[in-house]
Amino acid sequence: GLASGSKIPGKRTVRRLRQLLLAGLLFSLLACSHALQVGDQVQLPEISLDNGQRLNAVSLRNKPVLIVLWASWCPYCARHLPYLEKLYQQSRNSDLQIIAVSIDAEPAKARAYLQDKKYHFPVSFDVVSIERSVGIVRGLPRTILIDRHGRVAVHELGEMFEEDVLALQRFARSSIP
């Protein structure tokens with residue numbers, strides 16, 4: 001039998017619990033279906049760079065944009081970023097726009113790290129704006145290449161090999177005649 005004071009849930013309570021469960025499942029499915037995938041169309045926001053420059057959607061139109069999310073405390077990023085710097089140096093005379101987005105809570109630490117390593121690629125701390133377009137950061141480094149048509153061409157989570165990072169230059173057009 002039932003312990004004294006126990007109540008059997010009424011039909012209304014069971015129905016409400018069932019509705020909450022279904023709503024939770026639906027929300028989970030929707031959240032999963034919005035994970036960024038190759039081929040997805042992406043509308044980039046205006047992005048503030050650490051050097052004071054602002055990149056708006058118009059200035060990024062018809063350009064491939066490489067976004068790398070990283071942090072100064074991330075050991076995988078420490079191995080990945082030298083390849084990004086090399087790609088940046090090799091593609092300076094092209095239309096490839098590189099943006100390294102730091103998720104560091106203290107930008108000063110990230111700036112000191114970049115200065116110590118002598119990195120020159122464009123950096124942004126505008127994580128919130130970027131996440132609205134490409135989703136929440138769930139691992140580092142995260143490399144996203146958006147082609148000149150605004151579609152995700154590459155989406156990699158984790159450290160990449162040097163040759164794979166340098167191969168991203170294939171999306172760029174040289175501006176040297």
Side-chain angles (χ1 to χ4, degrees), residues 31-32 34-61 63-148 150-172 175:
C32 291
H34 284 91
L36 192 68
Q37 296 178 350
V38 170
D40 285 353
Q41 195 75 28
V42 173
Q43 180 63 46
L44 289 173
E46 180 171 89
I47 300 168
S48 299
L49 297 180
D50 196 42
N51 65 8
Q53 185 181 1
R54 297 183 72 73
L55 303 174
N56 60 33
V58 173
S59 69
L60 297 174
R61 190 174 298 139
K63 287 184 180 180
V65 179
L66 178 62
I67 296 172
V68 176
L69 293 122
W70 67 282
S72 62
W73 44 262
C74 165
Y76 307 104
C77 301
R79 292 194 299 263
H80 187 85
L81 291 179
Y83 310 146
L84 183 65
E85 177 65 21
K86 192 170 181 179
L87 174 64
Y88 174 70
Q89 295 302 333
Q90 289 179 4
S91 61
R92 288 185 79 142
N93 294 318
S94 77
D95 63 349
L96 178 64
Q97 176 66 60
I98 294 174
I99 307 168
V101 182
S102 170
I103 70 160
D104 281 87
E106 296 177 47
K109 286 185 179 179
R111 286 185 190 103
Y113 177 86
L114 294 166
Q115 189 171 9
D116 180 58
K117 300 293 182 184
K118 297 179 175 41
Y119 292 142
H120 302 95
F121 45 74
V123 174
S124 176
F125 294 96
D126 207 351
V127 182
V128 174
S129 295
I130 296 290
E131 284 184 333
R132 279 192 213 115
S133 293
V134 301
I136 294 172
V137 178
R138 301 221 185 274
L140 294 172
R142 184 174 173 201
T143 304
I144 304 160
L145 190 127
I146 301 162
D147 69 17
R148 62 187 75 256
R151 287 186 304 268
V152 176
V154 175
H155 184 212
E156 293 289 334
L157 186 57
E159 178 186 355
M160 292 171 64
F161 292 115
E162 179 178 13
E163 57 270 21
D164 295 330
V165 173
L166 297 179
L168 296 174
Q169 192 168 10
R170 72 186 181 275
F171 291 95
S175 58

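For reference, positions follow the sequence shown, starting with 1.
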Who are the salt bridge (Lys or Arg N to Asp or Glu O under 4.0 Å) partners of R61, not counting sequence neighbours? none
Taking Q90's backbone N and O only, do any of them form a donor-acceptor pair with Q169's side chain (distance below 3.5 Å, no angle check)? yes
Nearest 0.5 angstrom please: M160 CE to L84 CG, how far? 10.0 Å
Around Q89, counting heavy atoms of other residues, nucleotides and ligands shown, do more than 12 lie under 6.0 Å from its CD? yes
Give the table of side-chain donor-acceptor pairs shorter than 3.5 Å for residues 49-59, with sequence neighbours excluded, one pair per line with atom names and distance.
residue : atom : partner : partner atom : Å
D50     : OD1  : R111    : NE           : 3.2
D50     : OD1  : R111    : NH2          : 2.7
D50     : OD2  : R111    : NE           : 2.8
N51     : OD1  : Q53     : N            : 2.8
R54     : NE   : E46     : OE1          : 2.8
R54     : NH1  : S48     : OG           : 2.3
R54     : NH2  : E46     : OE1          : 2.5
N56     : OD1  : V58     : N            : 3.1
N56     : OD1  : S59     : N            : 2.7
N56     : OD1  : S59     : OG           : 3.4
S59     : OG   : N56     : N            : 3.1
S59     : OG   : N56     : O            : 2.8

Under the side chain to side chain donor-acceptor pair (under 3.5 Å) test, residues paired with K86 that sit two or more places apart: E162
Side chain to side chain contact (heavy atoms under 4.5 Å, CB included) between R132 and V128, intermediate numbers included: CA-CA 6 Å; R132 279 192 213 115; V128 174; 3.3 Å; yes
Tell me the closest heavy-atom pair linking S91 and L87, and the distance in Å. OG-O, 2.7 Å
To the nearest 0.5 Å, what is the distance between CD1 (I99) and CG (L60)? 5.5 Å
On a heavy-atom basis, the closest approach of G139 and L157 is O-CD1, 3.2 Å
Show which side-chain atoms of residues 65-77 pair as donor or acceptor with protein atoms under 3.5 Å away, not counting sequence neighbours.
residue : atom : partner : partner atom : Å
S72     : OG   : D104    : OD2          : 2.5

In this structure, CZ of R142 is separated from CD1 of I136 (nearest 0.5 Å) by 9.5 Å
Once rounded to the nearest 0.5 Å, what's the spacing between atom NE2 of H155 and atom OG1 of T143? 8.5 Å
Test of understanding: with side-chain contact (heavy atoms from CB on, under 4.5 Å), list the residues that count as partners of P45, not counting sequence neighbours. I47, S129, S133
Determine whether more than 12 heavy atoms belonging to other residues, nucleotides or ligands lie under 6.0 Å from atom CD of Q115. no
Would you please test D164 and E156 for side chain to side chain contact (heavy atoms under 4.5 Å, CB included) and show each step? CA-CA 10 Å; D164 295 330; E156 293 289 334; over 6 Å; no
For the residue pair Y113 and Y119, categorise the inter-ring angle as parallel (less than 30°), tilted (30 to 60°) or perpendicular (more than 60°). tilted
Work out which heavy atom in H120 is nearest to a heavy atom in E85; give both atom names and the distance. N-OE1, 2.7 Å
Quick one: do L145 and L96 satisfy side chain to side chain contact (heavy atoms under 4.5 Å, CB included)? Show the steps, please. CA-CA 10 Å; L145 190 127; L96 178 64; 4.2 Å; yes
R148 and K63: side chain to side chain contact (heavy atoms under 4.5 Å, CB included), yes or no, with the steps? CA-CA 4 Å; R148 62 187 75 256; K63 287 184 180 180; 5.7 Å; no
Salt bridge (Lys or Arg N to Asp or Glu O under 4.0 Å) partners of E159, counting only residues at least two apart: R79
